[in-house]
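Small disclaimer: the values here were computed from a predicted structure and weren't measured. Numbering of ligands and ligand atoms starts at 1, following listing order.
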Amino acid sequence: MEIEPLDPASAGRSVLEGVHEVVSAADRLDKPGAPPVTFETAIGRLENPQPSLGRVLRWVARRDGRVVGLAALYFPEAENSHLAILELTVHPDARRDRVGTAVLRALTPELHERTVLECWNVTKGGAGAAFGTALGFEVVDETVFQALSIGAADRSAWKVSPAAGYRLRTWQDSAPEELVASYAQARRAIADSPFGRSAYRFPRWTADRVRESEADRRRRGIDHRVVAVVQRDSGRVVGFTELQLYPHRHDLGYQGDTAVLAAHRGRGLGFCVKAAMLRRLVAERPEVEEVITSTAAANPYMVNVNLALGYRTTRETVILAQNKLARGRA
Ligand SMILES: CC(C)(COP(=O)(O)OP(=O)(O)OC[C@H]1O[C@@H](n2cnc3c(N)ncnc32)[C@H](O)[C@@H]1OP(=O)(O)O)[C@@H](O)C(=O)NCCC(=O)NCCS
């Protein structure tokens, strides 16, 4: 078996077709009910990685020329420079034949100073969880995947106004200058949400970091939308929600962070900003068919907000983690 670096920009068509075949066959098995993955979507995902996860290295495993496995290693920055995040997928026909183990061994030297290796979005009770346990990973958190089908949703649930004393403000790509400082402050409130024992640290947002991340998304062609709730008296952002649309997926929205500062909770503001986001999305991007999101299972408030908005839970997932000491022993 050969394990080689993969650069989607220079890879030949046959390798990319092999990548698509692995992703679509694995999804059929590991994510039943998920829509089929087209070639454009599979390759678009490689070309448009999630900005917050930092630099990415990719590999393919080939046996007799056929792509049987794929891996991506992400290197998030700043407060997460101790962490690497792994995506590893083996074609269902090639499983239980040590392909996954071999790929993991081959990429381990690239971890260098990263002390914790985590796998996110691993289907609970599935092959990935069993593989992780066998290779010395432990489950450090549980998450819930939810999807909202725009066509099937009852949009009347989205018709809500903010509580007295608050107003909504929406923007695309770039926060208004007068709100960027309080928006950064409100973004920090996401750190109150549970993240189990994962080694991931929520960013300590500042106005400068907001501007950097906006510029990065613009460079990547990502349509990033925010609905913020502003306290009328102070003129400050006290809560927000964000949604992203990637250039390779015009039909799919990624619902990202939602947070409300502690002093303003219990007034339905979280529901209100998410509902306003959906109203705006259907008005401005009618081609979007589905919105997906992931939430900590230990956050029933947000899971229930999503259900009330029309999301359904599609998958229960876990986060697996392995620290350097355990890797040394493996
Ligand atoms: C997880 C995955 C990459 C494993 O690939 P693989 O090539 O089949 O794994 P290996 O053959 O190297 O398995 C090594 C050991 O893990 C354990 N294991 C792997 N899959 C298992 C399963 N379905 N059930 C029970 N144990 C399993 C076994 O102990 C296995 O050794 P054994 O076959 O000698 O008993 C593959 O199942 C996959 O692509 N799953 C979907 C994506 C995913 O969940 N990735 C998360 C990875 S952390």
Side-chain angles (χ1 to χ4, degrees), residues 1-4 6 15 17-37 41-42 45-46 49-50 53 56-76 83-111 114-145 195-200 292 294 297 314-324 326-327 329-330:
M1 189 171 60
E2 296 138 23
I3 299 169
E4 302 157 351
L6 169 67
V15 171
E17 280 170 357
V19 166
H20 172 228
E21 168 57 19
V22 170
V23 173
S24 54
D27 268 18
R28 281 197 295 276
L29 183 68
D30 304 315
K31 301 176 187 170
V37 184
T41 301
R45 265 189 219 156
L46 304 185
Q50 206 177 311
L53 297 185
V56 55
L57 294 177
R58 299 183 187 280
W59 290 265
V60 284
R62 291 203 278 179
R63 208 158 47 193
D64 304 325
R66 177 183 168 229
V67 178
V68 290
L70 290 178
L73 206 47
Y74 298 86
F75 299 91
L83 178 65
I85 296 163
L86 168 68
E87 283 170 5
L88 175 62
T89 311
V90 171
H91 193 291
D93 294 349
R95 290 188 185 175
R96 299 303 289 270
D97 204 12
R98 299 286 161 144
V99 175
T101 305
V103 174
L104 183 58
R105 291 237 163 89
L107 58 79
T108 297
E110 295 297 335
L111 292 169
R114 304 277 163 156
T115 52
V116 185
L117 177 62
E118 294 196 351
C119 302
W120 293 1
N121 305 331
V122 179
T123 302
K124 188 177 173 179
F131 170 83
T133 307
L135 294 198
F137 287 78
E138 57 169 330
V139 174
V140 290
D141 200 10
E142 301 204 358
T143 39
V144 172
F145 245 78
F195 217 67
R197 291 181 298 117
S198 164
Y200 178 78
I292 56 171
S294 167
T314 54
R315 216 155 46 96
E316 293 183 345
T317 47
V318 292
I319 297 178
L320 301 171
Q322 196 190 58
N323 64 36
K324 196 160 204 165
R327 277 209 300 282
R329 284 199 300 265

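Atoms CG and CG, on Leu117 and Leu83 in that order, are 8.0 Å from each other to the nearest 0.5 Å. With values rounded to the nearest 0.5 angstrom, Leu86 atom CG is found 6.0 Å from Leu107 atom CG. Between Ile319 atom CD1 and Thr143 atom OG1 the span is 5.5 Å, to the nearest 0.5 Å. Put simply, CG on Leu53 and CG on Leu73 are 11.0 Å apart, with the number rounded to the nearest 0.5 Å. Within the model, atoms NZ of Lys31 and OG1 of Thr314 stand 9.5 Å from one another, a figure rounded to the nearest 0.5 Å. Note: Thr123 OG1 to Arg315 CZ = 4.0 Å, rounded to the nearest 0.5 Å.
The protein non-hydrogen atom at the shortest distance from atom 32 (P) of ligand 1 is Arg98 NH2, 3.5 Å. From the protein, the heavy atom lying nearest to atom 47 (C) of ligand 1 is Leu88 O, 3.9 Å. For atom 29 (O) of ligand 1, the nearest protein heavy atom (residue, atom name, distance) is Ala134 CB, 3.3 Å. Distance from atom 13 (O) of ligand 1 to its nearest protein heavy atom, with residue and atom name: Phe131 CD1, 3.6 Å. For atom 26 (N) of ligand 1, the closest non-hydrogen atom on the protein side is Ala130 CB, 3.4 Å. Of the protein's non-hydrogen atoms, Val90 N, 2.7 Å is the one closest to atom 39 (O) of ligand 1. Looking from atom 44 (O) of ligand 1 to the surrounding protein, the closest heavy atom is Gly128 CA, 3.2 Å. Atom 22 (C) of ligand 1 has as its closest protein heavy atom Arg96 NH1, 3.3 Å.
Residue contacts with ligand 1: Thr123 is excluded, as none of its non-hydrogen atoms falls under 4.0 Å.
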Worksheet entry | Worked verdict on Glu21 versus Arg66 for salt bridge (Lys or Arg N to Asp or Glu O under 4.0 Å) | CA-CA 10 Å; Glu21 168 57 19; Arg66 177 183 168 229; 5.1 Å; no
Worksheet entry | Candidate pair Thr317 and Lys124, rule side-chain contact (heavy atoms from CB on, under 4.5 Å), full reasoning | CA-CA 5 Å; Thr317 47; Lys124 188 177 173 179; 5.8 Å; no
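Near Ala127, the atoms of ligand 1 lying under 4.0 angstrom from a non-hydrogen atom of the residue are 20 (N), 23 (N), 37 (O). Within ligand 1, the atoms closer than 4.0 Å to a non-hydrogen atom of Cys119 are 48 (S), numbered from 1 in the order shown. Every atom of ligand 1 is numbered from 1 in the order shown, and the set under 4.0 Å from a heavy atom of Asp97 is 11 (O). Near Thr89, the atoms of ligand 1 lying under 4.0 angstrom from a non-hydrogen atom of the residue are 39 (O).
Within the 4.5 Å cutoff, side-chain heavy atoms of Arg63 are placed close to those of Asp97.
For the pair Ala94 and ligand 1, the shortest N or O to N or O distance does not fall below 3.5 Å.
Among the candidates Val67, Thr89, Leu46, Leu70, the single residue satisfying the side-chain contact (heavy atoms from CB on, under 4.5 Å) test with Val23 is Leu70.
When heavy-atom distances to ligand 1 are checked against a 4.0 Å cut-off, Leu86 has no atom that comes that close, whether in backbone or side chain.
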